[in-house]
Amino acid sequence: MTTILDASHHNDLELFAARTLPGPRSARLLADQERQESNARTYPRRLPFGIASARGSIITDVDGNHYVDLLSGAGVLALGHSHPELVTIAQRQLELFVHGLDMPTPVKAEFTGKLLARIPGYDAGTGNWKVHFCGPTGANAVDAAIKLARIATGRHGVISFQGGFHGTTHLTMGLTGLLAQRAGIAGIGDGVHFLPYSDSRNHPDQRPGDHRYHTTLIESLLTDPNGGIPAPAAVILEIVQGEGGVVLGDPVFLATVANLAHRLGALLIVDEIQTGCGRTGTFFAYERHGIRPDVVCLSKALSGIGTPISVLLYRSEHDVWGPGTHTGTFRGNQLAFATGSAFLDILDRDDVLGHVAAIERTVRDTLGPLPERSPHVYDVRGIGAMWGIEFVADSGRRDTGGALARAVQELCVRRGIVTEVGGRNDSVLRLLPPLNIDLDLFAEACAVIAAAVDDVMTAGAVR
Ligand SMILES: Cc1ncc(COP(=O)(O)O)c(C=O)c1O
């Protein structure tokens with residue numbers, strides 16, 4: 001396992017020393033940014049520093065402060081920042097050539113073969129799955145997936161789920177549940193129906209883990225000839241909702257939805273943009289559930305180092321596109337193919353998925369007990385290297401813990417840990433560490449998070 005800074009080095013960095021943020025240089029950069037950039041910027045509002053450099057799991061800001069990065073570029077940096085082997089490979093490719101349109105190249109062919117081989121049931125002889133290289137964002141792959149499903153089925157409707165997140169282009173925002181971000185956008189979500197996801201929130205008694213209410217409701221809504229929802233072109237599904245607040249799909253719920261999609265003749269699109277590439281402990285999160293997707297969207301971590309790439313994987317019988325039906329100037333990024341190919345090798349060579357299982361154990365040991373310690377911690381949930389701590393304010397009502405989650409995030413960043421908030425009203429503190437993070441460092445960071453939770457629960461801890 002190549003971890004770039006080991007635990008002994010971390011001790012030299014005064015990682016968890018309290019600091020005042022933003023530091024003077026960061027403050028200047030943030031002020032310039034506010035003047036020059038769009039108001040739609042997000043992360044620097046809650047992580048108030050400018051980045052000078054980053055290696056492995058450590059970010060260094062322009063004022064010399066170090067942070068443990070438990071966000072990993074929103075799940076992009078599977079092997080942390082600038083993994084040395086991937087840097088060398090990218091540099092070599094940079095010298096050779098970078099942009100290849102959608103022409104075949106040796107480096108692309110190698111990557112394609114390795115990627116297809118990861119698909120459960122892939123048969124290279126019959127070529128039963130195909131890959132399409134999209135424009136370089138996750139949203140572009142989701143957009144392409146819906147386009148493919150609409151053409152393949154000749155239908156228009158799409159089923160998406162409450163709490164789902166699929167991107168912020170016009171089409172993908174229409175598949176995303178977050179109403180605040182959709183506000184004021186006319187015509188958004190044409191043909192999209194939202195159904196309840198596998199969370200107990202919609203159950204009359206809010207009984208954790210009880211999926212029966214949802215599966216019965218969904219079955220009724222989609223099969224009722226008087227139900228008002230025409231047979232859809234596609235059902236788009238996350239196996240674990242990330243931005244929605246780390247909500248794990250119940251196995252029975254997922255299987256029911258998958259079977260319904262097949263029965264209705266809709267394409268089952270599994271959005272693995274955040275959950276894929278080992279994040280949940282298997283290469284694809286859907287592998288654990290024995291479901292049979294028609295289309296899989298993959299992006300974020302796929303190049304291993306953050307060189308942008310986004311793909312659709314789909315069963316060959318759905319290859320209904322004509323030449324040019326989905327193009328994109330940047331779909332021939334050779335740097336991403338070269339580093340992605342090496343990333344797939346490193347996953348196996350370094351048993352990164354085994355390490356992800358150890359990350360999961362560390363979270364369960366260090367953060368798992370939090371709900372017993374405070375009535376304001378509703379839940380610590382997740383899988384592999386994808387975790388959320390949901391907070392609730394008075395009386396344990398869901399979706400009320402935004403101020404608490406943000407306060408913990410603020411305290412964490414001032415103590416040298418980068419996290420994210422998400423879910424309803426930002427009530428969930430989210431962790432997406434690099435898949436190869438040093439385990440001692442990670443355990444230390446989790447202890448700092450647990451202490452921050454305790455401190456926030458004590459009045460006056462957050463200024
Ligand atoms: C599940 C899921 N789908 C799609 C996207 C959109 O990806 P991008 O921001 O690269 O467009 C994201 C981004 O967070 C995501 O988590």
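The figures here come from the full heavy-atom set of this structure, side chains too, leaving out hydrogens, waters and symmetry mates. Counting starts at 1 for both ligands and their atoms, following the listed order.
Atoms of ligand 1 found under 4.0 Å from any heavy atom of Q274, numbered from 1 in the order shown, are 14 (O), 16 (O). Ligand-side atoms of ligand 1 in range of A139: 6 (C), 7 (O), 8 (P), 11 (O), range being under 4.0 angstrom from any heavy atom. Listed by atom number, the atoms of ligand 1 under 4.0 Å from H166 heavy atoms are 3 (N), 4 (C), 5 (C). Counting atoms of ligand 1 from 1 in the listed order, those under 4.0 Å from a heavy atom of E243 are 14 (O). Under a 4.0 Å criterion applied to the non-hydrogen atoms of D271, ligand 1 contributes the atoms 1 (C), 2 (C), 3 (N), 4 (C).
Partner Q274 forms a side-chain hydrogen bond (donor to acceptor under 3.5 Å, both in side chains) with one of E238, R279, E243 and no other, that one being E243.
Two residues are said to be in side-chain contact when any heavy atoms from C-beta on lie closer than 4.5 Å; D426 and R406 meet this criterion. For the pair Y314/L267, no side-chain contact is recorded, criterion being any heavy-atom separation below 4.5 Å from C-beta on. Inter-residue side-chain proximity for V418 and L70 is flagged as unmet; no heavy-atom pair is nearer than 4.5 Å.
Look at K300 and you'll find a heavy atom under 4.0 Å from some atom of ligand 1.
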Would you sort out whether N140 and H326 count as a side-chain hydrogen bond (donor to acceptor under 3.5 Å, both in side chains), showing the intermediate values?
CA-CA 10 Å; N140 195 277; H326 194 82; 2.7 Å; yes
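A salt bridge is defined here as a Lys NZ or Arg NE, NH1 or NH2 lying under 4.0 Å from an Asp or Glu carboxylate O, and D348 with R118 meets this definition.
In this structure, atom 15 (C) of ligand 1 lies nearest to the protein heavy atom F165 CD2, 3.8 Å.
Distances from atom 8 (P) of ligand 1 to the heavy atoms of P136, G138, G75 put G138 nearest.
A perpendicular orientation is assigned to the rings of F253 and Y197, their planes being inclined by more than 60° (bins at 30° and 60°).
In terms of polar-atom proximity, E238 is not counted as a contact of ligand 1, lacking any N or O under 3.5 Å from an N or O of the ligand.
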